[in-house]
Enquirer: 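Provided herewith is a single structure, encoded as structure tokens, for subsequent inquiry.
Throughout, a chain's letter reflects where its sequence line sits, starting with A, and its residues are numbered from 1.
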Amino acid sequence: MTSCVGWLLDVSIDNDHVILWIKTEEGQTVKLRDPYHPGFYILPRNESDALRLIQILSREEEIAVRWEYRRTSLFDSNKQTRLIHVKLRSLRYYQSLLKKLERDRQVKQLYNTDLLHVQQYLFSKLKIEPTSRVKVEYNGSKLLEISKIDDEDDVNPPPFSLLYFDLRTYSGILASDDAIRIIKLRYGEDDVEFDNGEEKVILQQFSDYVHEKNPDIIVCMGDYDKGKVLRYLFSRAKKIGFDLRLGRDDDNDDTNHYSNTLENPRIVGRICISSNYRKTTYFDEFGFVGLIERARFGFLPLEVAAKYSINRLIDSRNCFELVQKDFVIPSKSNSSNNHEHVRTVEQIVSGDKGGMIISPQIGLHENVLALDYDSEYANLIVNHNLSYETLRLSHEARGKVVHHQPNKGLLPRIVERFLKRRVYFKRLLKELPKDSRESEWCDQRVNSLKNILVCLYGSTGSLWNRFGNVLAYEEINRLSRGVLIKTKDIVQRLGYELVYADTDSVFIKSKTGRDYNEIINTLSKETGLSISIEYHYKFLVLLPLEADEKIEVLKHYYGITFDNELVVRGIEIRRHDIPNFIKQFQTQLLCTLFDCKDSSELLTKGYENALLLVTQAIDTIMTGEGLDDKDLVISKLLRQNIEKYKSLFPHVSAAIRLSKHPLKGDTIQYIYTDSQHNNPLCRVAPIENIISESLPPYDKEKYREMVLDASETVLGFFGFDRTVYGNLKTNNDERGERRRKWRWYEEILEQRVRDIHTETL
DNA sequence: ACGTGTAAACT
DNA sequence: AGTTTACA
């Protein structure tokens, strides 16, 4: 017997065994097996059907059946129902048995059939989150004993090693006919490229590198999802007769046999995840440590956690918690979730209002304090026990919402645990030295947990949430509005002026300089929520909506704090799809405007200097001096495959004109060359590699308009008049012209669609 | 398949 | 004027 301490790298199912990979403290990897017997529950239609079912099922050698009492209803958690538990010896007959029972009229409902096998094993048997620190005892490859070593307070992630991987073909698409052009790898400080033409050599170098570095995790970069990359890689290797082996036990053939089929490629013993744009991975946004948080929250293996959408991640946590409390999981297809409540239109209208906004007092303000409630929604869920099962419509009281809460609900239990965890890391972050590895990890944990908490709230009202309950969602919103109203009253009672408020933040101002501690203490005492200072503005400008000056818009302001930090919401600087030149210009504009000691100076000297800057920026655009293409380039994400677009948006036109085949998820970079051109394809030019030799001819008018737009959003309030800067595009009546344009446009589009079709074939 | 709101460009 | 897309 051997024992070791390490981290749970991966858990997966291989026919009748669970495979566990442990990364030991010494840096070794250990592969262990544990028997797995899949199971599920049957609710029979009636007693005689039950007996018949048991009789039939127990005849099979592969199947063991027995009665078990389990909770079936989240709403009635005290009720235990007698169910038939079916346990199979192996996975071999699992699917066919399930199919048969789904059609069987003696079966009223099946439970736990929606869970992945790995979830079944993790929730019911192992009860240790993947990535946890563990102590294991084993004999050969047989797992004898495993226990969790508590590492919940550790910022350091498990010492898993990562290999970043990127692949390009000549054509840009991943069809097995296309040859591999280049493989790029990054491992620690190491950055390598294999691109010397001969494909077999590239693959050999790649395979050698993987075996030499022996990474635990392979991150597929680029625009494809990992399944596609691996499928391509293995099918391409097969096609050119290269035996590509990247796994950890390639000589041990029995596992490869099952896991590395071309339909569902896996690399044995390593985690393979993709880091593409899709919201489903979050790898870029929250980093590797953020992914660890997700895996632990979802109680899922890393690979699954990386692939799962937030909805499925939350569902997995919900199911884990429920399984611990002897619940069984209804299948999604026939689970009557809480959306079936039929309500009248009035009930919906009165219930469903999101966060509340108190209109901003448009214009320039001095000395404004911005206060934010910390994780308001999460705290409301915990404080008021708002859960999927605690809110329902009362039939007696004709559709009134009642809050029924005998015990702490499922949602508050989960939210509380991860809220505490986030608070812990947030405190720790303040103590850690800036720019240290630890602080970066801590930051990733904090951000990932924040995202999870926000989504826990958001998904309560989601149709796709198995346990979702709109009533809970609406109740959270209702309470948050109540908090804001209370806040407004307190602020005004204490003699402050409220200039703006939006869901969980308030902007307040007092004419005399005073200590703000009083209001912070009063607010947290009277609302039961913790509130903190977000910014203390020297100057703050609240903006009106451009389209209609009477309707104020939310999250649309800019200011500068007493620490000289610019804060900007909702205007051009914040957007990704705005050229750098415009962003830089607007930033400079704000700095110039705010470089004043008080508001009267700002309104005169500050504003005049800003106007000067506008003139300069327009000059730069018109002459092109000192500009290069990266200043003018606009980046936009291609959200769908090019064939799907019905309209030729600028970025779509640019994508079509790209030399390589554009794919969904690509970031398209382009500049405007002639924004008024009849043919949408001629309006823009794609920029393929940012540092080109010369600045291409660009649409000066268009970029000047952008400068003026950016100036207007910032200076509009101060009386900025764009017409001073020369002729606006006048509405020359070109009606006939327009009609002609349209017809032409349609022809191009059709032609383009045909071209694309032939290209992809 | 977390929610809602808004602007810009296309039809 | 209404719809689609992307972003916050």
Side-chain angles (χ1 to χ4, degrees), chain A residues 277-280 282 285 294 297-298 308-315 317-318 332 337 339 352-357 377-378 381 388 411 415 450-470 472-474 476-477 480 502-504 543-548 551-557 568-578 634-640 642 644-655 664-665 667-668 670 672 675-681 683-684 702 705-706 709-710 712-713 738-739 741-746 748-749:
Chain A
Y277 80 98
R278 292 171 315 151
K279 282 255 171 99
T280 46
Y282 294 83
E285 221 178 318
R294 283 173 75 86
F297 171 82
Y308 264 18
S309 70
I310 191 70
N311 184 44
R312 296 174 89 181
L313 201 73
I314 289 171
D315 186 50
R317 169 53 69 167
N318 286 336
K332 235 176 190 171
N337 80 359
H339 292 284
D352 186 31
K353 279 177 252 161
M356 190 172 74
I357 299 145
Y377 284 27
I381 288 168
Y388 310 118
L411 181 64
V415 169
K450 181 182 180 165
N451 175 262
I452 289 168
L453 286 166
V454 167
C455 292
L456 274 166
Y457 148 72
S459 66
T460 51
S462 166
L463 278 157
W464 311 112
N465 185 341
R466 193 197 303 266
F467 306 106
N469 181 347
V470 227
Y473 179 75
E474 289 169 357
I476 301 164
N477 287 332
S480 102
D502 174 11
T503 39
D504 60 351
L543 297 169
L545 182 65
E546 272 171 79
D548 187 346
I551 304 165
E552 296 81 7
V553 75
L554 66 162
K555 296 174 187 87
H556 201 153
Y557 58 83
V568 159
R569 291 292 125 86
I571 69 173
E572 281 85 348
I573 303 177
R574 272 270 164 156
R575 298 181 63 99
H576 300 311
D577 58 341
I578 290 289
I634 295 163
S635 324
K636 254 192 184 152
L637 217 57
L638 199 66
R639 284 288 172 111
Q640 41 189 336
I642 202 83
K644 285 231 184 146
Y645 280 92
K646 296 187 194 86
S647 320
L648 280 177
F649 292 102
H651 68 296
V652 178
S653 298
K664 127 171 146 181
T667 301
I668 308 297
Y670 62 91
Y672 280 102
S675 64
Q676 300 292 306
H677 199 286
N678 289 346
N679 181 349
L681 289 168
R683 291 177 193 163
V684 295
K702 178 71 182 172
E705 287 301 314
M706 285 192 209
D709 284 341
E712 206 168 30
T713 46
R738 268 207 161 172
R739 210 140 297 238
K741 277 185 206 169
W742 276 28
R743 290 202 54 83
W744 190 17
Y745 166 83
E746 280 156 15
I748 306 159
L749 187 60

Enquirer: What nucleic acid atoms does A:K702 come within less than 4.0 Å of, heavy atoms only: base, sugar-phosphate, or nothing?
Expert: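 A:K702: backbone/sugar contact only, no base atoms under 4.0 Å.
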Enquirer: Do any side-chain nitrogens or oxygens of A:H651 fall under 4.0 Å of OP1 or OP2 in C:dT5?
Expert: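 So the side-chain polar atoms of A:H651 never come under 4.0 Å of the phosphate oxygens OP1 or OP2 of C:dT5.
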Enquirer: Taking only side-chain N and O atoms of A:R683, does any of them lie within less than 4.0 angstrom of OP1 or OP2 on B:dC10?
Expert: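 Affirmative; the distance criterion is met.
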Enquirer: Can you identify which nucleotide, out of B:dT4, B:dC2, B:dA9, has its nearest atom closest to the A:P650 side chain?
Expert: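 Output: B:dA9.
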Enquirer: Select one nucleotide: of B:dC2, B:dA1, B:dC10, the one nearest the side-chain heavy atoms of A:F649.
Expert: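 Of the candidates, B:dC10 comes closest.
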Enquirer: Is the distance from OP1 or OP2 of B:dC2 to the nearest side-chain N or O of A:S309 less than 4.0 Å?
Expert: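 Looking at the OP1 and OP2 atoms of B:dC2, one of them is under 4.0 Å from a side-chain N or O of A:S309.
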Enquirer: Report the distance from atom NE2 of A:H677 to atom P of B:dA9, rounded to the nearest whole Å.
Expert: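 About 18 Å, once rounded to whole Å.
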Enquirer: Taking C-beta and beyond as the side chain, do A:N477 and A:Y377 meet within less than 4.5 Å on heavy atoms?
Expert: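 Result yes, sub-4.5 Å side-chain heavy-atom pair found.
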Enquirer: If I take atom CG in residue A:L411 and atom P in nucleotide B:dC2, what distance separates them, rounded to the nearest angstrom?
Expert: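 Distance, rounded to whole Å: 16 Å.
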Enquirer: Separation of A:K450 atom NZ from B:dC2 atom P, in whole Å?
Expert: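 Distance, rounded to whole Å: 19 Å.
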Enquirer: Rounded to whole Å, please give me the gap between CD1 in A:I634 and C1' in B:dA9.
Expert: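 It works out to 12 Å between those atoms.
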Enquirer: Aromatic rings A:Y473 and A:Y457: how do their planes relate, parallel, tilted or perpendicular, breaks at 30° and 60°?
Expert: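 Parallel: the ring planes of A:Y473 and A:Y457 meet at under 30°.
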Enquirer: Round to a whole Å and report the spacing from NZ of A:K636 to C1' of C:dT4.
Expert: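 So the NZ-C1' distance, A:K636 to C:dT4, works out to 12 Å.
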Enquirer: Would you find more than 12 non-hydrogen atoms of other residues, nucleotides or ligands less than 6.0 Å from A:R312 atom CZ?
Expert: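 No, CZ of A:R312 has 12 or fewer neighbouring heavy atoms, counting only those of other groups under 6.0 Å.
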Enquirer: Between C:dC7, B:dG3, B:dC2, which one does the side chain of A:D577 approach most closely?
Expert: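 The closest nucleotide is C:dC7.
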Enquirer: With a 4.5 Å heavy-atom cut-off, do A:K636 and A:F649 have their side chains touching?
Expert: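 Not touching, per the 4.5 Å side-chain cut-off.
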Enquirer: Please report the C-alpha distance between A:I634 and A:V684 in whole Å, then the side-chain angles of each, then the deciding distance to 0.1 Å, and finally whether the side-chain contact (heavy atoms from CB on, under 4.5 Å) criterion is met.
Expert: CA-CA 10 Å; A:I634 295 163; A:V684 295; over 6 Å; no
Enquirer: Send over the distance from A:E712 CD to B:dA8 P, rounded to a whole Å.
Expert: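 Atom CD in A:E712 sits about 11 Å away from atom P in B:dA8.
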Enquirer: Give the rounded distance in Å between these two atoms: CG of A:N465 and P of B:dA1.
Expert: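 Between P of B:dA1 and CG of A:N465: 13 Å.
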Enquirer: Tell me: CZ of A:R466 to C1' of B:dC2, nearest whole Å?
Expert: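 Going from CZ in A:R466 over to C1' in B:dC2 covers 16 Å.
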